[in-house]
Amino acid sequence: MKGFHNVMCLINIENNGYKAYLENCKSVGKSDIGGDKNALKEAKSGVTPNGDLLRGRLLFDGGYFQKAYNYLSQKNESSFGQQAEKLEFNYRLGRILQMLKKHNEAIAYFDKTIQAGKNTRYYYACNAALQMGTIYEETGNKTKAREYYNFCLSLNPDDYADGLHSKAKAGLGRLK
């Protein structure tokens with residue numbers, strides 16, 4: 001429940017409340033599983049997530065794909081200052097468009113993410129490659145699907161690498 005309050009403070013631009021919940025995360029929280037580990041890592045980093053990207057992510061995670069698209073499509077890459085934010089913006093729009101079954105548009109955003117992020121430590125390019133493999137698999141282009149699943153496996157982001165690589169390997173297994 002503290003994580004929920006933490007996010008609500010950030011979305012409502014209550015920076016003092018957000019920082020207080022982050023301090024609680026560091027002193028009271030546990031880091032037994034992936035999500036908890038990521039929350040603790042975020043708390044220790046001192047970096048505040050971009051509120052616009054967080055809103056888009058929460059809408060997406062809640063299944064509100066059209067609302068997420070309507071919200072984020074009002075922005076553009078230059079709306080964000082940090083490289084990680086630009087990567088996340090392109091990745092999130094790609095995921096939203098993927099769920100809206102606008103595959104060509106999704107692929108364009110995933111490709112931007114891959115080109116800008118393939119040499120970074122962020123997971124966005126790796127996941128974009130995985131999602132492109134999934135789109136190509138679903139649309140019957142096995143050659144392109146294999147290419148992007150293998151590309152996903154060639155990237156080693158700091159976060160989520162094991163899970164992303166497992167999904168890429170499963171995709172390759174389905175294509176045999």
Side-chain angles (χ1 to χ4, degrees), residues 1-100 105-106 108-132 152 155-165 167:
M1 192 60 140
K2 286 182 182 174
F4 173 76
H5 291 294
N6 187 10
V7 169
M8 292 309 296
C9 285
L10 181 59
I11 287 176
N12 293 320
I13 312 173
E14 298 172 14
N15 286 331
N16 289 337
Y18 174 76
K19 289 176 182 173
Y21 282 109
L22 280 185
E23 286 304 316
N24 281 345
C25 181
K26 291 190 280 189
S27 61
V28 180
K30 298 180 188 238
S31 60
D32 300 333
I33 59 174
D36 293 339
K37 288 178 184 176
N38 290 338
L40 184 58
K41 182 178 176 182
E42 180 183 319
K44 287 180 177 179
S45 78
V47 175
T48 302
N50 180 283
D52 289 329
L53 293 171
L54 183 59
R55 281 185 185 97
R57 179 180 178 184
L58 291 174
L59 287 167
F60 176 86
D61 288 350
Y64 298 100
F65 308 127
Q66 190 61 53
K67 286 183 179 183
Y69 177 76
N70 293 345
Y71 184 76
L72 283 181
S73 66
Q74 296 175 27
K75 312 286 181 201
N76 59 50
E77 196 175 296
S78 63
S79 302
F80 304 98
Q82 304 297 317
Q83 180 189 29
E85 292 172 343
K86 292 173 191 273
L87 291 171
E88 183 176 357
F89 170 73
N90 286 315
Y91 166 75
R92 296 245 172 259
L93 270 176
R95 286 291 285 140
I96 291 164
L97 289 162
Q98 179 184 15
M99 296 308 292
L100 292 172
E105 293 174 69
Y109 278 100
F110 288 145
D111 190 53
K112 279 184 173 182
T113 305
I114 290 168
Q115 294 312 310
K118 63 186 173 189
N119 296 317
T120 70
R121 61 185 175 88
Y122 305 110
Y123 74 93
Y124 302 113
C126 188
N127 203 349
L130 174 67
Q131 298 309 322
M132 285 178 74
C152 172
L155 300 174
N156 289 298
D158 286 352
D159 296 321
Y160 310 117
D162 290 341
L164 296 171
H165 290 172
K167 290 176 183 177

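Positions are given from 1, in the same order as the sequence printed here.
- The minimum heavy-atom distance linking H165 with C152 is given by the pair NE2-O, 3.3 Å.
- N70 and Q66 form a side-chain donor-acceptor contact under 3.5 Å, judged by distance and modelled atom types alone.
- Of the inter-residue distances, the one linking F110 atom CZ with L130 atom CG reads 9.0 Å to the nearest 0.5 angstrom.
- Note: Y109 and Y91 fail the aromatic proximity criterion, with ring centroids not under 6.0 Å apart.
- When all heavy atoms are compared, the tightest approach of A106 to G94 is CB-O, 3.4 Å.
- E105 CD to L93 CG: the interatomic distance, rounded to the nearest 0.5 Å, is 9.5 Å.
- A distance of 4.0 Å separates CZ in F60 from CZ in R95, rounded to the nearest 0.5 Å.
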Acceptor/donor pairs from residues 83-90 side chains to any protein atom, 3.5 angstrom cut, sequence neighbours excluded:
unit_1: E85; atom_1: OE1; unit_2: G81; atom_2: N; d: 3.3
unit_1: E85; atom_1: OE1; unit_2: Q82; atom_2: N; d: 3.3
unit_1: K86; atom_1: NZ; unit_2: F80; atom_2: O; d: 3.0
unit_1: E88; atom_1: OE1; unit_2: Y124; atom_2: OH; d: 3.2
unit_1: E88; atom_1: OE2; unit_2: R92; atom_2: NE; d: 2.9
unit_1: E88; atom_1: OE2; unit_2: R92; atom_2: NH2; d: 3.3
unit_1: N90; atom_1: ND2; unit_2: E77; atom_2: OE1; d: 2.6
unit_1: N90; atom_1: ND2; unit_2: K86; atom_2: O; d: 3.3

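- The NZ atom of K67 sits 13.5 Å away from atom CD1 of I96, with the distance rounded to the nearest 0.5 Å.
- L72 CG to L97 CG: the interatomic distance, rounded to the nearest 0.5 Å, is 10.0 Å.
- Across A128 and I114, no two heavy atoms sit closer than the pair CB-CG1, 3.9 Å.
- Residue D61 places its CG atom among more than 12 non-hydrogen atoms of other residues, nucleotides or ligands, all under 6.0 Å distant.
- Here the straight-line distance linking atom CD of Q74 with atom CG of D52 works out to 9.5 Å at 0.5 Å rounding.
- Within 6.0 Å of the OH atom in Y71, the count of heavy atoms belonging to other residues, nucleotides or ligands exceeds 12.
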